[in-house]
Amino acid sequence: MGDSNLEDPLGRVVRLHEQTWVVHILRRHPEMALHREAVENAVCDPLEIRLTPADADCRMYFGDGPRKGILVLVIADVVKRLVKTAHFVRSMKGVVEWSRPTP
């Protein structure tokens, strides 16, 4: 599929490298295999962007998961401009940096 450049709602662009997708994400989180589009959407159209307590350069992007009660979490380094990992979670954590406006 190749590398993907993803722009978040705050105008930051991060890259999801094919090598990161295959070697890191799919190897450690094989349940993500059919959900690359959801990973990309979590960055481009997130429910929320939150700060990570572990690294000030990273952000947690939370997006819709494959079913109710499951979220996609993408962790990206916004300074180095790259996606580090992605997996499913049941809840959000961290301090909110940005939240999708409600209609």
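Numbering starts at 1 and runs along the sequence shown. All values below were derived from every heavy atom in this structure, side-chain atoms included, with hydrogens, water molecules and symmetry-related copies excluded.
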Smallest separation among heavy atoms of [X] and [Y], with atom names:
X     : Y     : value
Ala42 : Tyr61 : O-CB, 3.4 Å
Ala38 : Val72 : CB-CG2, 4.0 Å
Gly94 : Arg50 : O-NH1, 2.9 Å
Val79 : Asp77 : N-OD1, 2.9 Å
His29 : Ala86 : CD2-O, 3.4 Å

Can you get from Ile70 to Val43 by hopping between Ile, Leu, Val, Met, Phe, Trp and Tyr side chains that sit under 4.5 Å apart?
-> yes

Counting only pairs under 3.5 Å, give me each side-chain donor-acceptor contact of residues 15-26, with atom names and distances, residues two or more places apart or in other chains.
residue, atom, partner, partner atom, Å
Arg15, NE, Asn5, OD1, 2.9
Arg15, NH2, Asn5, OD1, 3.2
His17, ND1, Asp3, OD2, 3.3
Glu18, OE1, Gly2, N, 3.1
Glu18, OE1, Arg36, NH1, 2.8
His24, ND1, Arg28, NH1, 3.4
His24, NE2, Thr85, OG1, 3.0

Donor-acceptor pair, Arg81 side chain versus Val14 backbone, under 3.5 Å?
->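 Side chain of Arg81 to backbone of Val14: no pair is present.
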
Side chain Arg100, main chain Pro46, donor-acceptor under 3.5 Å | yes

Got [X] and [Y] here, is their nearest side-chain heavy-atom distance under 4.5 Å?
X     : Y     : result
Phe88 : His35 : yes
Cys44 : Asp8  : no
Asp57 : Val78 : no

Under the criterion side chain to side chain contact (heavy atoms under 4.5 Å, CB included), which of Asp55, Val74, Thr52 is the partner of Lys84?
-> Asp55

Evaluate the criterion salt bridge (charged side-chain N to carboxylate O under 4.0 Å, His left out) for residue pair Glu97 and Arg59; output intermediate values, then yes/no.
-> CA-CA 9 Å; Glu97 178 183 49; Arg59 297 297 180 273; 3.1 Å; yes

With a cutoff of under 4.5 Å between side-chain heavy atoms, which Ile, Leu, Val, Met, Phe, Trp and Tyr residues group with Leu71?
-> Leu47, Met60, Phe62, Leu73, Ile75, Val89, Met92

